[in-house]
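Quick note on labels: first sequence line is chain A, next is B, and so on, each numbered from 1. If you're wondering where the values come from, they're calculated on a predicted model, not measured in any experiment.
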Amino acid sequence: MLLDDLNLQQREAVKQIEGAVMIIAGAGSGKTRTLTYKIAYLLEQGISPYNILALTFTNKAAEEMKERIIDLTGNTAKSILMGTFHSVFARILRLEADRLGYVRNFTIYDTDDSKSVIKSIVKEKHLDEKLYSPSFILDRISKAKNNLFSSTDYLNNTELLTEDRMVKRPEIANIYKEYNFRLRRAMAMDFDDLLFNLNVLLRDCPDILDKYQQRFKYIMVDEYQDTNYSQYLIIKKLSSKHGNICVVGDDAQSIYSFRGATIRNILNFKKDYKNATIYKLEQNYRSTQNIVNAANSVIANNENQISKEVWTENEYGRKINYMNLDSDREEAFYICSAIRQRIEEEYAHYKHFAVLYRTNMQSRALEEALRLRNIPYRLYGGISFYARKEIKDILAYFRLVSNNNDNEAFLRIINYPARGIGNTTINRLKLLAAEQNTSLFNVSVQLNTLPSDINKATRDKIVEFCRMISSYSKLLDTENALNLGEEIIRFSGIKIELHKEETIEAEEKINNIEELINSLQSFVFKDDDILIDELTGEEIYQQNRTLTTFLSQVSLMTDADMDLEDNDKVVLMTIHAAKGLEFPYVFIAGMEENLFPSMLSLTSRADTEEERRLFYVAITRAQKELLITSARMRFRYGELVFSEHSRFIDEIDPEYLSQPLHTKKAFPAGNLNGNSNSNTQNTKKPILTLKKKSVSSDSKLELPKPIGGVPAHMLNKYEVGQQVVHASFGKGIILILDGEGDSRKAVVEFEDKGKKTLILRFAKLEIL
DNA sequence: AGGTACTTATAGAGT
DNA sequence: ATAAGTACCT
């Protein structure tokens, strides 16, 4: 019996399937479990999977939840429409695109595309490029869209206009208008448009609203605390017919207000939905009592919250270990030692550890230390796979084939690899496109019939390029994503171009492209079963495995959707990325004022509260043990910055800390409890000098030799083709050698682990 | 048109 | 520290 697996509160929340329900779920209280069982329960009650819509925060969460539901109730669950707001709504928008004057193949612009559009608008309007920085403008436009202000609304809104004038950027409204115009001309939507345009669709097309209201009799929303107004309104409209809506969230874990999420959605739920029932899940199954209590003591400092008491029956557990170290390097080494010690003494595995931090840039020092200590790790965030240049290049080819009007894709690849179409030509094309009010591709195909200053030879090259792209476009609906994709990659010549470089980096890029081909393959061939389109209910086989669908999926993919793999590796990620995850051992690094809480958050009470919630999220990721570190000085943008420890440390009730605060002296790195000796190198050593310019060869000599490091002159003994042995990767053959001195690298093909790029100084390769 | 050398902006979380 | 943009040379 399904309900037997749940506690009392969870069961009550699951059983109430009619009406509006809000589940306030404390950290670790089995939120996902409750949601999963609720959907399974709906199916068990005979409700059709077609009538269920479930919106989650990541695609991966949706996938996992679906799998679990299939386990519980069988294959019918496959037809439940489940995914992130953006991916589900993108699918609906594609189906109904014509009603909005879009084509089905519209492109989804990522942040880079958006910024580049803004940049060219600012340039053409001859505005001050420093004042009108793309990120500032985009942020402003994004906030407007998330609150459903169209560019016309914006232009008529005195409040917004005044705000812009106050910050000396009165032209934002006009940029917004032009930006939207250009996106539409390119048949593109940005992330916010996916939500905005669905609102427009539901507002202007009563038949469509009715259709989806009929269809979605039961709506579930996960992570409700992180929804914005635009999302809120969609849910509200869709649910207003049947009124069966269930939202799950935790106001204490709301951490996305910077991208428009508003905690009001949770706080006002009762007002918005009459007769709403609210359930609270307060028993934590994840963490020790000490961790739960410490987290409670921190979040108590926030004024705005729904009262709840998270408690646990788990063991009391260890106190939180807080360590203030001299530098970011020492912090990283301390973390490494602590990991090593726990692995040796407590039989922990690498994958049981997560190192969390506030900003992506902090990963660098940590990575370096982990590599030096031969601790395997996996980095999340930063440059994700799909954001890599070579991948974006290939995807731009796909995009242009899929949507000829995609100007950003056109600009990216028209002369990459170089085919003799330079800046002058591109500017002339832009001019023509503006005159004809159409896309760059459209003027390019008919270039020979238009008057232009472009010479014949160049014209021919452009026309030929477009002819090829067009010929691929014709195959979009008939060829699957893999066949077409591989063909386009061959046509692009990017792999040949990279091959010519003959560097390790280029080889790596080629590998990444192969990886992309793999993902095309698994996209096309995944799941041998009959596939059911959750949206239309159609049974489909290979039909929808097109390149366009692949692109849509890829552009909405995030790091959180990548598999954590079964690999035994320490995980490095930002706290934002750690939302919803849990680890036996958690480190929170960089607990310093102006870093966490971030300097930018200290101006308003609301922002500081959000930072505190972020800290709360970080603490509550830990199951067994929590370790917090800070550094007195660290490098930020190439300069040395000194900091005090974070105010949030002082907010933890000292009762839950293993040692009194204000430890002025740094402890040796291996010293976990402040009282034992250690054999690790971490005696006083010179920190890099203050002046950034002075990090010359002299001061480099001052640095301690890395453990396992080999003097540079010893690195010349390696040769391509040699058999070598690596401590953790085993046997392999050297394929490529590159670089000089300390940065000399080798690409080695290992028997079991495949190709790896190794820094020879650290890798300790033995020649066989 | 394409490549290299120098300058400058940018470092807050991410769909 | 680094990526991206610009100026200048071939």
Calculate the interatomic distance between [X] atom [atom1] and [N] atom [atom2]; express it in whole Å.
| X | N | atom1 | atom2 | result |
| --- | --- | --- | --- | --- |
| A:Lys130 | B:dT7 | NZ | C1' | 11 Å |
| A:Gln225 | B:dT15 | CD | P | 15 Å |
| A:Asp192 | B:dT15 | CG | C1' | 8 Å |
| A:Glu609 | B:dA13 | CD | P | 22 Å |
| A:Tyr416 | B:dG3 | OH | P | 11 Å |
| A:Lys115 | B:dT10 | NZ | P | 10 Å |
| A:Met599 | B:dA13 | CE | P | 13 Å |
| A:Leu131 | B:dA9 | CG | C1' | 15 Å |

Check whether any side-chain heavy atom of [X] lies under 4.5 Å from a side-chain heavy atom of [Y], and answer yes or no.
| X | Y | result |
| --- | --- | --- |
| A:Arg612 | A:Pro597 | no |
| A:Asp393 | A:Tyr416 | yes |
| A:Leu429 | A:Phe410 | yes |
| A:Ser230 | A:Phe85 | no |

State which residues pass salt bridge (charged side-chain N to carboxylate O under 4.0 Å, His left out) with A:Asp192; sequence neighbours excluded, sorted by chain then number. none

Not counting sequence neighbours, which residues clear salt bridge (charged side-chain N to carboxylate O under 4.0 Å, His left out) with A:Lys579? List them please. A:Glu223, A:Asp226

So what does [X] touch, heavy atoms closer than 4.0 Å: a base, only the sugar-phosphate, or nothing?
| X | answer |
| --- | --- |
| A:Thr111 | base |
| A:Phe57 | nothing |
| A:Asn423 | sugar-phosphate |
| A:Thr425 | sugar-phosphate |
| A:Glu610 | nothing |

OP1 or OP2 of [N] less than 4.0 angstrom from a side-chain nitrogen or oxygen of [X], does that happen here?
| X | N | value |
| --- | --- | --- |
| A:Asn228 | B:dT15 | no |
| A:Thr359 | B:dA13 | no |
| A:Ser555 | B:dT15 | no |
| A:Asn360 | B:dA13 | yes |

[X] has a side chain; which of [options] sits nearest to it?
| X | options | value |
| --- | --- | --- |
| A:Thr574 | B:dA11, B:dG12, B:dG14 | B:dG14 |
| A:Phe258 | B:dA11, B:dG2, B:dA13 | B:dA13 |
| A:Asn415 | B:dT15, B:dG2, B:dA13 | B:dG2 |
| A:His576 | B:dT15, B:dA13, B:dG12 | B:dA13 |

Taking for each residue the nucleotide of DNA chain B with the nearest heavy atom, is it A:Pro134 or A:Arg259 whose nucleotide lies nearer the 5' end? A:Pro134

Sorted by position of nearest nucleotide on DNA chain B, 5' first, the leading residue of A:Thr424 and A:Thr84 is A:Thr424

Between A:Lys461 and A:Asn415: side-chain donor-acceptor atoms closer than 3.5 Å: no

Side chain to side chain contact (heavy atoms under 4.5 Å, CB included) test vs A:Leu93 passes for just one of A:Asn197, A:Leu195, A:Asp193, A:Val200, namely A:Asn197

C:dA1 base stacked by A:Phe635 (centroids within less than 5.5 Å, tilt under 30°): no

Compare every heavy atom of A:Ser444 with every heavy atom of A:Val463, then report the nearest pair and how far apart it is. CG2-O, 3.7 Å

What pairs of nitrogen or oxygen atoms, one from the protein and one from nucleotides 2-9 of chain C, lie under 3.5 Å apart?
residue : atom : partner  : partner atom : Å
C:dT2   : OP1  : A:Arg364 : NH1          : 3.0
C:dG5   : OP1  : A:Lys119 : NZ           : 2.9

